[in-house]
Amino acid sequence: MLGHNNMSPNRLEVVLMLLMLMVYNASGAFVGINIGTNVSDLPSASDIVSILKAKKIQHVRLVDSNHEMLVALANTGIEVMVGVPNNELLRVGQSRPTAADWINKNVAAYIPATNITYIAVGDEILTTVPNAALVLVPALQFLQSALLAANLNTQVKLSSPHSMDMISKAFPPSAATFNSTWSSIMLQYLGFLKRTGSSFMLNAQPYYGYVKGQGVFPLEYALFRSLNPNSQIADPNTNLFYTNMFDAMVDATYNSIKAMNFTDIPVMVTASGWPWHSARKEPAADVDNALAYNTNLIRHVLNNSGTPSQPNNQVSTYLFELFSEDLRSGSVSGESWGIMFSNASAVYSLTFEDVATASTDSPALHGMFCVANSSAPHSALKQSLDWACGPGSANCSAIQPGQPCYKPDDIVAVASYAFNDYYHRTQASGGTCNFNSTATISSTDPSHGSCKFAGSTGVNGSGMASGPVSQDSSASQSQSFWLTWLIAMLLPVLLLM
């Protein structure tokens, strides 16, 4: 047996790759954010990085390879996706030396200080710049060769974002297929992803799905707000129920990939969000809906629940976007997707942490409960419930189907759980138990069976005010423990190989 100092570079690289892969697979899905540049007064790169740190954002997607941003992101640990803009794709896709030069100048020059992990080659090329379609796969291949030559092919992956317009008919998801116009290119593209272990990049925007549907889908479905089983939408071929449009879009993509005889290619959502302002013809684009969608999207992704047809495949997602791009051409709503203005003030308050696992412990509220007013109209309760589980950021996982507090025919009960969770989380910072006069304070513990309310002195046999821990959260914690143990046990052995 060789001593660890004699370990070959290739063997060491394999060991490190395996450990990195194990950590990656156990880490679950993440939520990152897009940073566009069509802004009349874009903050400096250092100011942008300060914003990312303040919001605890650990993944960013740049639309290009802005060198000032790459320098500012150095030594932050933030994972970076850089982009080959559409106007550079033809050049890169027609010349292997040009592709190599692009990698050297925009990627290799900044690694390892800047943690570049993905390159998005073009953006919605097939549906927006069809004359460049023929160079998409060559561009990917040339760039991959350059990464290999720079010994960066294991750290940096390549893919290309596509819009939902690539799918001819997205619903029902089980019958979805890619537009046959692009069959030849899609076969090559999927083959590239399979060979390189890369993800299929999807720009999934339920806002456009809702607008184009012209009333076919309810707004609640687009905003992750559906709680009533009667409002769930079923895929008639699989009998799977969809409570939100985002999952249906992702599953439509998985099934389109499967229809081309490819499997085990993960889907990564490279853009998803909701506009906060629009012209009169787009009434769904407002601040309340934008806050509700993005809050619910973050919670949904960090819950690691996957989708109805892919429950074990988490979908990492990049929110669209950090700053509203006032120079973007098109509709009013197209300029208004940012969660911040260019002066760094917030359009609305948004947290990128997993609110579902945040503690609701509030000792001052032990034995006090915020419950729904049983005499309030059900329509008013439903509106308050949607706000609590959306913009209010209450942890509503326990009132979802199959969970301990789920009561589909008792809106007072499910609303009480949501109201109480919100109240215990926010009372210390000014949160109230009012909900437009649909809630009231009670000293009667509404907990029942395994459904425990925050503030109950019976939770875990103590006075802890904690909501129920989801199975996904418990599984993630267990997985992290065993991963840490496994690495600790195997690393000394592997290094002595």
Would you give the length of the straight line joining atom [atom1] of [X] to atom [atom2] of [Y], rounded to the nearest 0.5 angstrom?
X	Y	atom1	atom2	answer
Y189	F178	OH	CZ	8.0 Å
L302	F352	CG	CZ	10.0 Å
L193	L140	CG	CG	7.5 Å
N255	S174	CG	OG	6.0 Å
T114	L70	OG1	CG	5.5 Å
I33	F320	CD1	CZ	10.0 Å

| query | Salt bridge or not for D165 and K212, using N-O below 4.0 Å? | reply | yes
| field | Check ion pair D251-K258 (N to O, under 4.0 angstrom) | value | no
Got [X] and [Y] here, is their nearest side-chain heavy-atom distance under 4.5 Å?
X	Y	value
S416	N420	no
Y118	E79	no
E124	N203	yes
M166	T253	no
Q144	N153	yes
V269	M249	no
C451	Y406	no
D64	V82	no

Ring centroid separation [X] to [Y] under 6.0 Å:
X	Y	answer
F323	F341	no
Y318	F30	yes
W337	Y208	yes

| message | So, applying ring pair (Phe, Tyr, Trp, His ring centres under 6.0 Å) with Y422, which one of F435, Y417, F369 is it? | response | F435
| said: Evaluate M340 against L322 for side-chain contact (heavy atoms from CB on, under 4.5 Å), listing each step before the verdict. | reply: CA-CA 6 Å; M340 304 189 75; L322 186 58; 4.0 Å; yes
Where is the tightest heavy-atom contact between [X] and [Y], given as atom of each residue plus distance?
X	Y	value
A204	S272	O-OG, 2.7 Å
Q403	I399	CB-N, 4.5 Å
L202	V250	CD2-CA, 4.3 Å

Test item: [X] side-chain N/O and [Y] main-chain N/O as donor-acceptor pair under 3.5 Å:
X	Y	result
N313	V267	no
T243	F241	no
T238	L240	yes
Y293	P275	no
R61	T270	yes
S160	V121	yes
D286	W276	no
N106	W102	yes
K157	T154	no
N86	G122	no

| request: Show the numbers, then the answer: is there a side-chain contact (heavy atoms from CB on, under 4.5 Å) between D123 and V84? | output: CA-CA 8 Å; D123 187 50; V84 178; over 6 Å; no
| task | Could you give me the CA-CA distance, side-chain angles and deciding distance for I411 and V414, then say whether side-chain contact (heavy atoms from CB on, under 4.5 Å) is met? | result | CA-CA 5 Å; I411 192 170; V414 295; 4.3 Å; yes
Side-chain donor-acceptor pair present, [X], [Y], cut-off under 3.5 Å:
X	Y	answer
D288	Y348	no
D247	T307	no
S65	Y110	no

| said: Please verify the inter-ring angle class for F224 with F246; under 30° counts as parallel, over 60° as perpendicular, anything in between as tilted. | reply: tilted
| L187 and F262: side-chain contact (heavy atoms from CB on, under 4.5 Å), yes or no, with the steps? | CA-CA 9 Å; L187 280 171; F262 284 91; 4.0 Å; yes
| CD of Q188: more than 12 outside heavy atoms within 6.0 angstrom? | yes
| task | Report, as yes or no, whether the 6.0 Å neighbourhood of atom NZ on K169 holds more than 12 heavy atoms from other residues, nucleotides or ligands. | result | no
